[in-house]
Amino acid sequence: MQTVRALLEERLRAALDALGLDSSVAEVSASTDARFGDYQTNAAMVLAKRERKNPREIGATLADAIDVSGIAAKPELAGAGFLNFRLEPAFVESAVAAMLADPRCGLDPVKNPQTIVIDFSSPNVAKPMHVGHIRSTFIGDALARIARFVGHRVITDNHIGDWGTQFGKVIWGWKNWLDAAALERDPIAELVRLYREVDAAEKNDEALRVAVREELVKLQQGDPENRAIWQKVVELSWREFEKLYALLDIRFDEQLGESFFNDRLAPICERLEQSGIARISDGALCVFFPDIPELAERPCLVRKSDGGFLYATTDLATLEFRITEWKADAIWYVTGAPQALHFQQVFEVARRMGWNVRAEHVAFGSILGENRKIMRTRSGENVQLGDVLREAIDRARQIITEKNPELPETERETVAQAVGVGALKYAELSQHRMTDYVFSWEKMLSFQGNTAPYLQNAYVRIRSIFRKAGEVDISKSTVQITDPAERTLAIKLLQFAEVVPAVLTDFRPNLLANYLYELATTFHSFYEACPVLKSEGVVRETRLAFCDLTAKVLRTGLDLLGIRCPEKM
Ligand code: ARG
């Protein structure tokens with residue numbers, strides 16, 4: 001079904017065309033204040049500014065010309081030239097009825113589906129996933145779910161950091177200092193220990209440095225023993241990552257690590273050099289960008305003077321692969337803001353190579369501790385995702401046990417996981433991605449305010465209405481609005497299909513999170529004002545339909561954010 005916004009924009013465009021005015025300004029948005037109607041447009045103001053005319057005059061002409069019959073009353077001209085639309089009751093009722101019957105909550109799939117590769121999470125082998133990977137993992141997964149729901153073909157790719165100079169140290173350590181029992185207990189911790197101890201020892205031990213370097217060269221040349229150790233390290237790390245992904249309910253379509261592209265690095269460099277896009281400077285192969293002011297002093301290094309390749313080289317090979325093998329129309333890289341320069345360089349080189357794709361760096365800020373500095377553990381280390389995750393579930397279990405001691409043990413675990421993981425994800429996704437937000441257990445696990453537990457609880461409470469009412473077939477309900485609180489809720493519900501695609505415009509899952517919060521509070525006001533089970537006839541039928549539809553939108557919306565809704569909590 002078409003959204004209210006799309007319908008109004010269509011009518012507005014027709015009016016502008018008929019008046020011979022530029023119809024590209026036909027934008028309508030939901031009003032934030034009910035005093036200004038349900039929807040509004042500033043098209044008259046945009047046109048007036050451009051043509052130096054009186055906005056209220058253009059507004060009045062437009063209000064006369066636009067035909068919104070069957071949708072809204074004739075728009076009102078307000079303020080400096082806004083047109084405010086107030087939806088007609090019969091239209092609202094029929095739109096809600098159509099939404100009730102639609103399993104997609106009113107959202108039509110896009111007409112021009114794109115192939116979108118989403119590169120996110122991408123932890124590094126032999127290192128724990130730290131809190132910086134949290135944002136990438138949660139944002140990337142939410143974007144993937146939303147893009148898929150909207151109708152795109154999505155390929156999620158976990159670009160694991162499984163190659164690099166650190167393996168010299170890890171392999172030397174493995175051969176000489178490995179503690180097998182520790183590896184058994186906590187593989188990543190043992191790998192980190194090896195790396196760190198070799199790294200420290202190497203500092204004042206020239207012979208060790210040489211030995212470590214040799215292990216690296218042997219790995220790069222395909223020495224079977226070193227390849228086998230590397231393989232084992234990758235497997236052990238991957239197994240640990242997978243446990244976290246399982247808890248988080250996150251799956252990847254592909255996980256081509258950096259090593260997958262090794263054979264493609266030398267040929268890419270040759271092509272870059274032959275085409276004149278890159279040139280040798282001090283023995284290294286570089287792409288220079290004299291014509292781009294921010295990059296003028298920052299060439300992109302693709303091959304070091306010792307022949308080694310770099311992060312950018314791998315990303316170039318990966319980017320081309322995604323276009324040729326997967327036919328990507330777009331690639332979204334969900335990675336922290338500090339990598340902005342890297343991606344700007346890579347995208348610019350790709351453009352010069354003629355690789356045609358819409359590549360976007362979906363950047364994000366930092367998570368802060370209560371002291372408003374980058375979050376660290378007490379001993380000053382990076383906070384690990386695994387620890388945060390376990391603590392979230394433990395804390396959720398405690399809260400659930402307090403609030404609902406009767407909940408059977410088996411259900412409690414599922415609920416604790418949904419609430420704990422949900423709280424973490426929602427704390428992330430309800431923020432603008434560039435915001436540095438303060439990590440607070442109390443806040444994210446609170447049952448009040450803009451949190452996952454609040455939304456999950458709203459869902460659970462609606463479901464409990466149906467445990468009393470019995471299951472009703474809502475899809476064919478008659479919708480007859482008799483109370484203003486119903487009308488407000490109806491209009492909020494209809495906006496779901498407008499909000500979801502808007503998330504993708506600037507990669508803002510927080511738009512959806514905040515919408516769901518507003519929906520839950522709007523439902524709350526409706527439920528205060530309108531008795532449901534005590535009402536009768538068509539009033540009861542309408543109200544039950546509103547309850548069910550709200551639950552469905554909450555569940556669908558939370559699912560798009562990667563958050564599960566328990567039936568009880
Ligand atoms: N492994 C990198 C890190 O942990 C992230 C990789 C992001 N993706 C990419 N194609 N460069 O910082």
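Order of appearance sets the numbers: ligands from 1, and atoms from 1 within every ligand. Since we're looking at a predicted model, the values are computed, not measured.
Proximity of a side-chain donor or acceptor of Asp282 to a complementary backbone N or O of Ala284 within less than 3.5 Å is not detected.
The side-chain tip of Arg322 does not point at the ring of Trp326 from less than 6.0 angstrom away and within 45° of straight on.
For the residue pair Gln114 and Arg358, a side-chain donor N or O sits within less than 3.5 Å of a side-chain acceptor on the partner.
The ligand atoms of ligand 1 that sit less than 4.0 angstrom from a heavy atom of His159 are 8 (N), 9 (C), 10 (N). Within the listing of ligand 1, atoms 10 (N) sit less than 4.0 angstrom from a heavy atom of Tyr333. Ligand-side atoms of ligand 1 in range of Asp119: 7 (C), 8 (N), 9 (C), 10 (N), range being under 4.0 angstrom from any heavy atom. Residue-ligand proximity, Tyr311 to ligand 1, at heavy-atom distances under 4.0 Å covers atoms 2 (C), 5 (C), 6 (C), 7 (C), 9 (C), 11 (N).
Among the candidates Phe120, Phe347, Phe343, the single residue satisfying the ring-ring contact (aromatic ring centres under 6.0 Å, His included) test with His361 is Phe343.
Residue pairs meeting the ring pair (Phe, Tyr, Trp, His ring centres under 6.0 Å) criterion with at least one member in residues 129-152, sequence neighbours excluded, are His130-His133.
Polar contact check, Thr335 against ligand 1: no nitrogen or oxygen pair lies under 3.5 Å apart.
Taking atom 2 (C) of ligand 1 as the reference point, the nearest protein heavy-atom neighbour is Ser122 O, 3.6 Å.
Using a 4.0 Å cut-off between charged side-chain N and carboxylate O, Glu428 and Lys425 make no salt bridge.
Using 4.0 Å as the threshold, Phe120 has no heavy atom nearer than that to any atom of ligand 1. A heavy-atom separation below 4.0 Å is not found between Thr318 and ligand 1.
No part of Ile160 comes within 4.0 Å of ligand 1, judged by heavy-atom distances.
When the options Glu258, His133, Gln339, His361 are ranked by their closest heavy atom to atom 12 (O) of ligand 1, first place goes to Gln339.
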Donor-acceptor contacts under 3.5 Å from residues 287-310 side chains, at least two apart:
{"unit_1": "Asp291", "atom_1": "OD1", "unit_2": "Arg352", "atom_2": "NH2", "d": "3.3"}
{"unit_1": "Glu294", "atom_1": "OE2", "unit_2": "Gln344", "atom_2": "NE2", "d": "2.8"}
{"unit_1": "Asp306", "atom_1": "OD1", "unit_2": "Gly308", "atom_2": "N", "d": "2.8"}

